[in-house]
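Worksheet for the structure shown next.
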Amino acid sequence: MPVEINQKFFNDIYAVVARIPAGKVASYGQIGSMAGYPGSAREVGYAMAHAPAKRKLPCHRVVNSQGTLAPEPVFGGQARQRAMLEEEGITFYMDGRIHMERHTWSEYEQLSFF
DNA sequence: CGCCTGACAGACT
DNA sequence: TAGTCTGCCAGGC
C-alpha cells in the first residue's frame with residue numbers, strides 16, 4: 001500500500017472536497033468546517049496545493065469566500081478555471097467573481113426531499 | 001522547539 | 001470599494 005497522504009487532516013479534507021457536486025462551489029473555510037476543522041481555511045488551501053491527482057478531486061470547485069479564483073499558476077490560469085466552472089453551470093458577476101450566493105454548496109442540498 | 005510560509009477569512013481603516 | 005492587518009493552524013526547516 002502506497003504511502004501518499006497519511007495525515008488524517010488531509011484525508012478528511014479530501015473526503016469533503018470529493019463530495020462537492022458539479023455546478024456547486026464551496027469556500028476553503030467551509031470545507032474545513034465540514035471536515036471537522038473550523039478555522040483551518042489555510043490548511044485546506046495547502047491540502048489542495050498538495051492534492052494527489054490520483055484522488056481526482058474537483059479542487060476547481062473550491063474557491064475563497066470572496067468568490068475570486070485561484071492565483072494564475074493554478075489550473076493553468078484563472079481563465080482556465082473559470083471555463084471549467086462555467087461548463088458545470090457556475091455563473092459569474094461582471095467583475096469576474098463567482099456568483100457565490102447562488103452556487104455555494106450546502107450539505108442539505110444532497111438530501112433528496114422530492 | 002522556535003520561526004516562517006501559505007490555492008484563507010474577517011475585521012478594520 | 002479597495003487596500004492593509006491580524007488571527008488561524010499544520011507543514012517544512
Side-chain angles (χ1 to χ4, degrees):
Chain A
M1 51 304 281
V3 183
E4 303 177 25
I5 312 302
N6 297 305
Q7 315 308 321
K8 187 175 187 302
F9 296 104
F10 284 52
N11 193 52
D12 291 342
I13 296 298
Y14 296 148
V16 175
V17 174
R19 287 162 45 202
I20 303 175
K24 287 292 178 181
V25 296
S27 71
Y28 296 89
Q30 188 187 347
I31 295 298
S33 297
M34 293 173 83
Y37 307 100
S40 302
R42 307 193 70 171
E43 286 60 75
V44 176
Y46 190 88
M48 292 301 97
H50 287 271
K54 302 180 79 174
R55 306 239 170 183
K56 301 177 181 178
L57 299 174
C59 37
H60 59 285
R61 295 178 193 147
V62 183
V63 298
N64 59 46
S65 66
Q66 299 178 71
T68 55
L69 302 178
E72 279 305 317
V74 190
F75 301 120
Q78 303 189 318
R80 210 87 181 80
Q81 179 177 14
R82 172 168 177 161
M84 292 191 281
L85 292 172
E86 294 185 312
E87 277 184 52
E88 302 182 341
I90 301 297
T91 58
F92 293 69
Y93 286 114
M94 294 297 275
D95 62 10
R97 288 178 305 145
I98 292 177
H99 203 308
M100 294 301 278
E101 305 70 33
R102 182 177 176 179
H103 302 293
T104 298
W105 174 48
S106 295
E107 276 192 299
Y108 298 102
E109 292 181 43
Q110 292 301 290
L111 305 176
S112 303
F113 285 104
F114 62 97

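Per chain, numbering begins at 1; letters A, B, ... match sequence-line order.
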From CE of M100(A) across to P of dG10(B) the rounded distance in Å is 10 Å
Taken to the nearest whole Å, CG/L69(A) to P/dC8(B) is 12 Å
Separation of dA7(B) atom C1' from R80(A) atom CZ, nearest Å, is 18 Å
d(K24(A) NZ, I90(A) CD1) to nearest 0.5 Å is 7.5 Å
Rounded to whole Å, the CZ-C1' distance (F10(A) to dG11(C)) equals 7 Å
Quick check: does any side chain N or O of Y28(A) sit under 3.5 Å from a backbone N or O of Y46(A), one acting as donor and the other as acceptor? no
Note: contacts of residues 36-48 of chain A with DNA chain B (heavy atom, under 4.0 Å) are A41(A), R42(A), E43(A), G45(A), M48(A)
One should read off an interatomic distance between R82(A) CZ and R97(A) CZ, to the nearest 0.5 angstrom, of 12.0 Å
- Please check the phosphate of dC8(B) (OP1 and OP2 only) for any side-chain N or O of S65(A) closer than 4.0 Å. no
Taken to the nearest 0.5 Å, the spacing of I31(A) CD1 from M48(A) CE works out to 7.5 Å
Between CZ of F9(A) and P of dG12(C) the distance, given in whole Å, is 13 Å
Can you see whether R55(A) engages N11(A) through a side-chain donor-acceptor pair at a distance of less than 3.5 angstrom?
yes
Atom OH of Y28(A) and atom P of dA9(B) are separated, to the nearest Å, by 8 Å
note: Q66(A), atom CD; dT1(C), atom C1'; distance rounded to Å ~ 12 Å
One should read off an interatomic distance between R102(A) CZ and Y93(A) OH, to the nearest 0.5 angstrom, of 10.0 Å
Looking at S27(A), does any N or O in its side chain come under 4.0 Å of the phosphate oxygens OP1/OP2 on dA9(B)?
yes
K8(A) atom NZ is separated from dG11(C) atom P, nearest whole Å, by 13 Å
